[in-house]
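Just so we're clear, the structure is a prediction, and the values are computed from it rather than from any experiment.
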Amino acid sequence: MSGDLPEAYDDEKGPLRRCAVTREQGQPALMIRFVVSPSGVVVPDLDARLPGRGIWLSARRDVIEQARKRGVFARAARCQVTVPDDLSAQVEAGLHRRMMELLGLARRAGQSISGFMKVREWVTQRRAGVIVHASDGSGDELGRLVSGARDLPVVEALSREDLAKVFGRERVVNAALAAGVLASRLCCENKRFSGVADGGSRVRRTFPADGCEQAGQ
């Protein structure tokens with residue numbers, strides 16, 4: 001890191017980023033980038049594309065709250081900044097929205113299906129890269145769905161209502177994405193969401209630690 005940069009700033013070079021709170025390094029796709037807007041407001045940059053030097057945090061709600069309360073953003077920017085009280089909620093909502101958009105993109109690209117029988121067929125044929133099971137769905141049903149393929153990543157961050165909106169149906173509990181880039185991206189977004197979600201209440205089941213890589217195979 002360049003010597004004239006505030007400690008909380010990451011130089012944004014190389015394959016890893018350093019959390020401004022924990023000082024641990026991590027993959028950018030699994031962390032949260034923040035920037036300071038021209039008006040001095042700290043905003044989440046979930047796509048990591050906004051201009052300006054980024055401040056990177058681990059994708060954990062407690063870390064974001066520590067940064068908000070302990071002046072990390074102001075020290076990094078070397079000026080007064082406005083940090084919204086609902087910054088963690090903004091990140092959570094943004095990640096939820098990104099998962100909805102990714103699933104919708106997969107549906108339009110013909111890379112996702114819904115319905116227990118169709119998803120189960122993809123599982124048995126090893127076509128599925130990730131399973132999406134409604135957060136308010138049945139755990140027993142999920143167990144039957146992934147029987148014989150317990151290593152498959154499972155996303156449980158979206159409700160039945162969310163899935164119904166994406167697939168344009170009255171009721172959707174189960175969906176699957178074909179292995180590939182979109183499945184891998186959905187897994188990464190879910191890992192970020194699971195760390196930021198309020199109390200983790202919307203993510204009941206974790207998938208393998210390397211779920212992002214598995215889904216892309």
Rounded distance [0.5 Å steps], [atom1] in [X] versus [atom2] in [Y]:
| X | Y | atom1 | atom2 | answer |
| --- | --- | --- | --- | --- |
| Met31 | Ile55 | CE | CD1 | 12.0 Å |
| Asp162 | Met99 | CG | CE | 8.5 Å |
| Asn174 | Ser114 | CG | OG | 9.0 Å |
| Arg144 | Ser138 | CZ | OG | 6.0 Å |
| Arg61 | Phe193 | CZ | CZ | 9.0 Å |
| Glu92 | Arg97 | CD | CZ | 11.5 Å |

Spell out, as yes or no, whether a donor-acceptor pair under 3.5 Å connects the side chain of [X] to the backbone of [Y].
| X | Y | result |
| --- | --- | --- |
| Arg127 | Ala178 | no |
| Arg68 | Asp86 | no |
| Arg49 | Leu46 | no |
| Arg60 | Gly195 | no |
| Asp45 | Val35 | no |
| Arg107 | Val166 | yes |

Is there side-chain contact between [X] and [Y], with heavy atoms separated by less than 4.5 Å?
| X | Y | result |
| --- | --- | --- |
| Val173 | Phe116 | no |
| Val123 | Val146 | no |
| Val63 | Cys19 | yes |
| Val43 | Leu50 | yes |
| Val36 | Arg53 | no |
| Arg192 | Ile32 | yes |
| Leu87 | Val42 | yes |

Can you name the closest pair of heavy atoms from [X] and [Y] and give their distance?
| X | Y | result |
| --- | --- | --- |
| Pro84 | Gln90 | CB-NE2, 3.5 Å |
| Glu189 | Leu95 | OE1-CD2, 3.4 Å |
| Leu57 | Phe73 | CD1-CZ, 3.9 Å |
| Ala134 | Ser159 | CB-C, 4.0 Å |
| Ser88 | Val196 | O-CG1, 3.8 Å |
| Arg160 | Asp136 | N-OD1, 3.0 Å |

ask   = Around Gln125, counting heavy atoms of other residues, nucleotides and ligands shown, do more than 12 lie under 6.0 Å from its CD?
value = yes
query = Counting heavy atoms not belonging to Glu161, are there more than 12 under 6.0 Å from its CD?
reply = no
query = Is there a chain of hydrophobic side chains (I, L, V, M, F, W, Y, each step under 4.5 Å between heavy atoms) that links Met100 to Phe167?
reply = yes
request  = Kindly work out whether a path of hydrophobic side-chain contacts (I/L/V/M/F/W/Y, heavy atoms less than 4.5 Å apart) joins Val83 to Val21.
outcome  = yes
task = Evaluate the criterion side chain to side chain contact (heavy atoms under 4.5 Å, CB included) for residue pair Arg120 and Ser147; output intermediate values, then yes/no.
result = CA-CA 9 Å; Arg120 180 59 188 166; Ser147 176; 4.2 Å; yes
ask   = Can you name the one residue among Asn190, Leu182, Val155 that meets side-chain contact (heavy atoms from CB on, under 4.5 Å) with Val130?
value = Val155
task = Test Leu163 against Leu103 for side chain to side chain contact (heavy atoms under 4.5 Å, CB included), laying out the working first.
result = CA-CA 9 Å; Leu163 296 179; Leu103 189 54; 3.5 Å; yes
inquiry  = Show, in sequence, the C-alpha distance, side-chain angles and deciding distance for Glu121 and Lys118, and conclude whether the salt bridge (charged side-chain N to carboxylate O under 4.0 Å, His left out) test is met.
reply    = CA-CA 5 Å; Glu121 183 178 358; Lys118 291 182 179 179; over 6 Å; no
message = If you apply the rule side chain to side chain contact (heavy atoms under 4.5 Å, CB included), what do you find for Arg75 with Val72, and how did you get there?
response = CA-CA 5 Å; Arg75 290 198 300 273; Val72 170; 3.4 Å; yes
task = With side chain to side chain contact (heavy atoms under 4.5 Å, CB included) as the test, would you mind laying out the steps for Leu145 and Val154 before giving the verdict?
result = CA-CA 11 Å; Leu145 190 66; Val154 177; over 6 Å; no
